[in-house]
**Student:** 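Would you mind keeping the following structure in view while I ask a few things?
What you are looking at is a predicted structure, and each value in this text was computed from that prediction instead of being measured. Residue numbering restarts at 1 for every chain, and letters A, B, ... go by the order of the sequence lines.
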2 protein chains.
Amino acid sequence: MPQTFSTLDEFSALLAQLPAPDSTAKEAASARNAVLTKPPGALGRLEDIAIWYAGWRGEAAPQISAPQVLVFAGNHGVVAQGVSAFPAEVTAQMVGNFAAGGAAINQLCAVAGARLNVIALDLETPTADFTQAPAMSEAELVSALLAGWEAVDLAADLLVVGEMGIGNTTSAAAIALALFGGEAGDWAGRGTGVDDEGLARKVDVINKGVKRQAVASGLEVLRCLGGREIAAMAGAIARARLARIPVVLDGFICTAAAACLHKASLGALDHCLAGHVSDESAHGRMLEKLGKSPLLDLGLRLGEGSGGALAINIVKAALACHSGMATFDQAGVSQEK
Amino acid sequence: MPQTFSTLDEFSALLAQLPAPDSTAKEAASARNAVLTKPPGALGRLEDIAIWYAGWRGEAAPQISAPQVLVFAGNHGVVAQGVSAFPAEVTAQMVGNFAAGGAAINQLCAVAGARLNVIALDLETPTADFTQAPAMSEAELVSALLAGWEAVDLAADLLVVGEMGIGNTTSAAAIALALFGGEAGDWAGRGTGVDDEGLARKVDVINKGVKRQAVASGLEVLRCLGGREIAAMAGAIARARLARIPVVLDGFICTAAAACLHKASLGALDHCLAGHVSDESAHGRMLEKLGKSPLLDLGLRLGEGSGGALAINIVKAALACHSGMATFDQAGVSQEK
């Protein structure tokens with residue numbers, strides 16, 4: 001199987017043949033978990049995470065030492081419709097802030113011991129306004145998917161994908177409506193902080209965009225309503241699957257990117273955890289549609305991969321316990337009566 | 001004001017004069033938070049934590065670099081009533097496991113970059129069976145409070161207190177019933193994993209213990225129904241308050257210890273965060289009584305300070321963002337339209 005692609009059809013073909021977890025490693029991890037020095041199940045969700053991670057890595061007792069955080073930035077033609085509280089130039093300004101180490105994600109990566117890579121995608125050329133035309137051509141979509149695909153460090157052992165893009169909660173909400181149905185108002189939120197009037201405009205814009213495009217296949221939704229940073233996140237998530245690198249999803253926009261893969265290939269997100277549920281109102285609803293239960297619920301709504309990065313240490317802790325703890329026999333501790 | 005005590009009255013006197021947070025530092029932290037490069041409120045609860053922490057530390061932009069985790073171990077006479085799934089010798093065996101680095105808390109401290117100190121309290125002399133007599137004499141209680149008090153590293157900038165003690169969920173549930181009322185069944189859980197019959201015995205034992213002791217003052221409840229490790233946690237939490245070291249509470253037993261201080265002196269837990277809500281059924285209810293909202297909810301029910309230690313990196317991340325991020329002016333990023 002080729003490990004890259006140059007057309008959308010080739011990318012679709014890769015999605016149709018994604019690898020499964022290693023069941024032998026998973027069983028060995030379960031067996032190990034059962035004899036560690038703790039009451040059965042006492043580490044709760046950390047135990048499930050450790051076994052899940054072991055399956056994807058193909059090792060009974062792995063550790064996490066090289067997490068990578070990828071932040072993709074893109075600009076959106078739809079901002080012309082007045083859907084954001086911040087001006088579009090903030091996307092490029094924040095990329096500068098990432099490079100200078102001044103953003104939240106820089107601090108969160110330091111605490112998580114994670115490598116941060118920021119990839120700005122043609123910021124000077126926004127995608128088309130999706131109320132007027134498909135956001136991207138097929139060539140533009142393939143190029144953005146490839147940017148994400150190629151940004152994954154194959155030596156990483158955990159991946160967080162995040163984004164920066166003024167206007168992209170509108171894009172993500174339109175994707176959610178196209179993929180999952182309902183009303184535009186179910187999926188539109190306040191983003192970085194629009195007022196009531198801005199929110200009403202957002203709902204209108206989302207309806208217009210979704211009405212324009214008839215085909216509801218995952219990748220077509222991504223092309224017509226997405227953005228370069230959203231497509232790049234999807235490309236990175238898919239690449240991580242082929243490289244058996246587990247992924248921690250971030251917030252609403254990242255989850256919308258992931259949802260396009262889910263729609264394109266059921267099970268495509270089996271190697272992904274939901275890092276958190278954000279304060280963007282529809283994020284929890286979208287996670288439910290994907291069958292994902294978030295690790296954290298701290299009211300974040302920043303993007304930049306922030307919630308995913310904050311969850312890295314939880315995943316790291318799960319594996320540290322699983323792979324570092326003594327067994328009852330090793331420690332000479334008595335088991336249950 | 002003396003910074004130590006040798007009688008219960010002296011300890012009570014200290015609790016009556018606890019220091020408040022530094023309002024100047026808190027206001028400076030709020031002002032700083034408002035100009036950091038993020039939409040207002042976008043870091044959710046991390047922002048509240050940073051401002052709260054700044055107030056206790058008396059600095060506008062502090063960092064966390066020296067967290068301490070204290071685990072106290074004690075044995076309980078009440079295990080004679082058959083309230084635990086594990087034999088009492090496991091308390092000492094687990095202390096050996098902590099020393100050898102094989103327990104969950106060892107791995108969690110490594111991930112959090114925290115110093116771990118384990119203090120075993122007269123394991124060969126369990127407290128009295130509280131269905132027959134008060135668990136501790138006044139001298140024993142003072143000695144246990146002091147053990148906790150003295151274990152706090154005054155150079156620490158965050159403290160987690162945890163415990164190990166076969167039988168201590170029964171003690172904690174009895175404390176909760178004595179402090180907050182209701183039915184024994186509201187507070188009794190399965191601990192390390194008792195069956196239905198064991199749970200029924202636990203309820204009976206809790207009722208007997210609470211009936212024996214009439215006075216419901218916080219410290220008297222701690223003496224009659226607590227244990228050495230529970231009292232030591234209370235002593236450490238109080239010492240941290242005087243030293244302006246914020247505390248992250250762990251699970252059900254730790255919270256019961258904290259609740260005795262809360263009952264003795266309203267506001268005594270203002271310097272404490274709830275690290276997590278455990279899977280022990282009554283923990284969430286006890287946190288509500290204390291007005292604390294947990295940072296994590298991952299189904300843990302291990303004790304050892306595990307949930308508190310897992311939350312350290314969340315608090316660290318909150319302060320890393322608060323104190324490390326650039327302002328809009330510094331980064332040259334445009335503000336809201």
**Student:** Among A/Gln335, A/Lys316, A/Gln330, who wins on heavy-atom pairs under 4.5 Å with chain B?
**Tutor:**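 The answer is A/Gln335.
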**Student:** Are A/Asp297 and B/Asp297 side-chain neighbours, meaning at least one heavy-atom pair lies under 4.5 Å?
**Tutor:**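 In short, these two side chains do not touch, never coming nearer than 4.5 Å.
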**Student:** Please list all pairs passing the salt bridge (Lys or Arg N to Asp or Glu O under 4.0 Å) test where one or both residues lie in residues 101-116 of chain B, with sequence neighbours left out.
**Tutor:**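 Checked against salt bridge (Lys or Arg N to Asp or Glu O under 4.0 Å) - neighbours excluded - the pairs reaching residues 101-116 of chain B are B/Arg115-B/Asp153.
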**Student:** Select one option (side chain, backbone, both, neither) describing which atoms of B/Glu89 are under 4.5 Å from chain A's heavy atoms.
**Tutor:**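 When you check distances to chain A, only side chain atoms of B/Glu89 fall under 4.5 Å.
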**Student:** Counting only non-hydrogen atoms closer than 4.5 Å, does A/Leu298 touch chain B with its backbone (N, CA, C, O), its side chain (CB onward), both, or neither?
**Tutor:**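 Answer is both: backbone and side chain atoms of A/Leu298 are under 4.5 Å from chain B.
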**Student:** Could you tell me which portion of B/Ile105 (side chain, backbone, both or neither) has an atom closer than 4.5 angstrom to a non-hydrogen atom of chain A?
**Tutor:**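 It is neither, since no heavy atom gets under 4.5 Å.
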**Student:** Shorter than 4.5 Å, heavy atoms on both sides: which option in B/Ala320, B/Ser334, B/Gly324 has the most such pairs with chain A?
**Tutor:**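 Among the listed options, the one with the most contacts to chain A is B/Ser334.
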**Student:** Pick one of side chain, backbone, both or neither for A/Ala100, based on which atoms fall under 4.5 Å of a heavy atom in chain B.
**Tutor:**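 No part of it gets close to chain B.
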**Student:** Ignoring hydrogens, what is the shortest heavy-atom contact between A/Leu302 and B/Lys38? Give both atom names and the distance.
**Tutor:**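 Heavy atoms of A/Leu302 and B/Lys38 come nearest at CD1-CB, 3.7 Å.
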**Student:** Is B/Asn313 close to chain A through its backbone or its side chain, or both, or neither, when contacts mean heavy atoms under 4.5 Å?
**Tutor:**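 Both backbone and side chain of B/Asn313 come within 4.5 Å of chain A.
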**Student:** Does any backbone or side-chain atom of A/Phe98 lie under 4.5 Å from a heavy atom of chain B? Answer side chain, backbone, both or neither.
**Tutor:**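 It is neither, since no heavy atom gets under 4.5 Å.
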**Student:** Locate the shortest heavy-atom distance separating A/Arg301 from B/Pro39; write the atom from each residue and the value.
**Tutor:**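 Answer, listing the atom of A/Arg301 first, then B/Pro39: NH1-CB, 4.3 Å.
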**Student:** Which residues pass the side chain to side chain donor-acceptor pair (under 3.5 Å) test with B/Glu304, not counting sequence neighbours?
**Tutor:**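 With neighbours one apart ignored, the set is empty.
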**Student:** Among residues 190-200 of chain A, which residues come closer than 4.5 Å to chain B, judged by heavy atom distances?
**Tutor:**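 Within residues 190-200 of chain A, near chain B: A/Thr192, A/Gly193.
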**Student:** Could you measure the distance from the SG atom of B/Cys321 to the CG atom of A/Leu310? Nearest 0.5 Å is fine.
**Tutor:**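 It comes to 8.0 Å.
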**Student:** Any idea which of B/Ser84, B/Gly101, B/Gly102 has the most non-hydrogen atom pairs under 4.5 angstrom with chain A?
**Tutor:**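 Most pairs with chain A among the choices: B/Gly102.
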**Student:** Taking only heavy atoms into account, what residues of residues 40-49 of chain A are found under 4.5 Å from chain B?
**Tutor:**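 So the qualifying residues are A/Pro40, A/Gly41, A/Ala42, A/Leu43, A/Gly44, A/Arg45, A/Leu46.
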**Student:** Working to the nearest 0.5 Å, report the span between CG of A/Leu319 and CD of B/Gln107.
**Tutor:**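 Between atom CG of A/Leu319 and atom CD of B/Gln107 there are 11.5 Å.
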